[in-house]
K.L.:
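Can you keep this structure in mind? I'll have questions shortly.
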Amino acid sequence: MSISDNLKVINDRIAATCLRAGRDPASVRLVAVSKTKPAAMIDEAARAGQVLFGENYVQELAAKAAEVKECVEWHFIGGLQSNKVKYIAGLVTMIHSVDRLSLAQEIDRQWGRLGKACDVLIQINIACEATKCGASSEGVFSLVRDVAKLPNLRIKGLMTMPPFFDDPEAARPYFSELSRLAREIDSLAIPNVEMRELSMGMSGDFEVAIEEGATLVRVGSAIFGGR
Ligand SMILES: *Cc1c(COP(=O)(O)O)cnc(C)c1O
């Protein structure tokens, strides 16, 4: 199947899941995760109508953004070192992976130099696995309060990446916990904090994530093939 066929299948599945869950299909955006894939494949997806792409590695994103011909929007979704933020400043419209104050401070500094504000999601490590990045569910409240004080950054929601399961249903408790956390944070009405985006769900489990409230699903291999 071509990239265009794959995109159609994924978009149809997103729409069908929304209908089943009583949600407006326009409330879910597909982030096409193009890490390790060449610029030509991104252009092909863009010509098939895909606008939004997610990348994990700073150097790779900077190189491909210069190479891609179509007009696309980039989100940064991977682990991010503070000293590399300057290479993606102004290039991405959202960073999904803010998991510590020092990183948020550097994003604030770099976007501030451009006279712009960066939309960010706070990444939560619900599973508390030592190997995955993300703030703990307990630490998220103080992190959100501290990040919210930075002037050149706007908190738009939360992101999580559950452990890998063969059965997508096994990821459901992680997705519902992220939704619950977002509602709890929303109820605190912290200035400069919106909980309108939930970035959760990948190729294997995006339908379950949508049922639990995802607004951004990050799908890679089901569009571009295995890595
Ligand atoms: C690679 C990646 C994805 C996409 O994973 P697939 O299983 O290929 O859909 C989503 N989110 C993050 C953070 C990733 O690193």
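In each ligand, atom 1 is the first atom listed, and ligand 1 is the first ligand listed.
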K.L.:
Give the intermediate values and the outcome of salt bridge (charged side-chain N to carboxylate O under 4.0 Å, His left out) for residues Arg20 and Glu211.
P.N.:
CA-CA 8 Å; Arg20 214 169 50 234; Glu211 286 167 3; 3.0 Å; yes

K.L.:
Going through the distances and angles, do Arg109 and Glu106 end up as a salt bridge (charged side-chain N to carboxylate O under 4.0 Å, His left out)?
P.N.:
CA-CA 5 Å; Arg109 189 156 43 237; Glu106 180 59 13; 2.5 Å; yes

K.L.:
Indicate yes or no: does an N/O atom of Met159 lie under 3.5 Å from an N/O atom of ligand 1?
P.N.:
no

K.L.:
Mark up the atoms of ligand 1 that fall under 4.0 Å of a heavy atom belonging to Gly220, in ascending order.
P.N.:
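Within the 4.0 Å cut-off of Gly220, ligand 1 contributes 4 (C), 6 (P), 8 (O), 9 (O).
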
K.L.:
Mind checking whether Arg227 has a heavy atom under 4.0 Å from ligand 1?
P.N.:
yes

K.L.:
Would you mind finding which of Gly78, Gly204, Gly225, Ser221 brings a heavy atom closest to atom 8 (O) of ligand 1?
P.N.:
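Minimum heavy-atom distance to atom 8 (O) of ligand 1 goes to Ser221.
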
K.L.:
Verify salt bridge (charged side-chain N to carboxylate O under 4.0 Å, His left out) between Glu197 and Arg29, making sure each step is shown before the conclusion.
P.N.:
CA-CA 10 Å; Glu197 303 286 3; Arg29 279 187 93 192; over 6 Å; no

K.L.:
Any idea which atoms of ligand 1 are less than 4.0 Å away from a heavy-atom of Arg218?
P.N.:
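Counting from 1, the qualifying ligand atoms are 4 (C), 9 (O), 10 (C), 11 (N), 12 (C), 13 (C).
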
K.L.:
Of the protein's non-hydrogen atoms, which lies at the shortest distance from atom 9 (O) of ligand 1, and what is that distance?
P.N.:
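For this ligand atom, the closest protein heavy atom is Ser203 OG, 2.5 Å.
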
K.L.:
Please could you name the atoms of ligand 1 that Val219 approaches to less than 4.0 Å, counting only its heavy atoms?
P.N.:
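Here the atoms of ligand 1 in question are 9 (O).
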
K.L.:
I'd like to check His75 versus Glu55 (side-chain heavy atoms, cut-off strictly below 4.5 Å). Are they in contact?
P.N.:
no

K.L.:
Side chains of Asp5 and Ser2: is there a donor and an acceptor less than 3.5 Å apart?
P.N.:
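Side chains of Asp5 and Ser2: pair found under 3.5 Å.
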
K.L.:
Pick one of side chain, backbone, both or neither for how Asn56 approaches ligand 1, counting any non-hydrogen atom pair under 4.0 Å.
P.N.:
side chain

K.L.:
Before accepting this row, confirm whether a basic side-chain N of the pair Lys64/Glu67 lies closer than 4.0 Å to the acidic partner's carboxylate O.
P.N.:
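So Lys64 does not pair with Glu67 through a salt bridge.
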
K.L.:
Taking atom 2 (C) of ligand 1 as the point of reference, which of Gln123, Met202, Lys35 owns the nearest heavy atom?
P.N.:
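Looking at heavy atoms only, the winner is Lys35.
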
K.L.:
Could you tell me which atoms of ligand 1, counted from 1 in the order shown, lie closer than 4.0 angstrom to a heavy atom of Met161?
P.N.:
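In order of number, 12 (C), 13 (C).
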
K.L.:
Quick check: Tyr174 with Phe165 (ring centres under 6.0 Å apart)?
P.N.:
yes

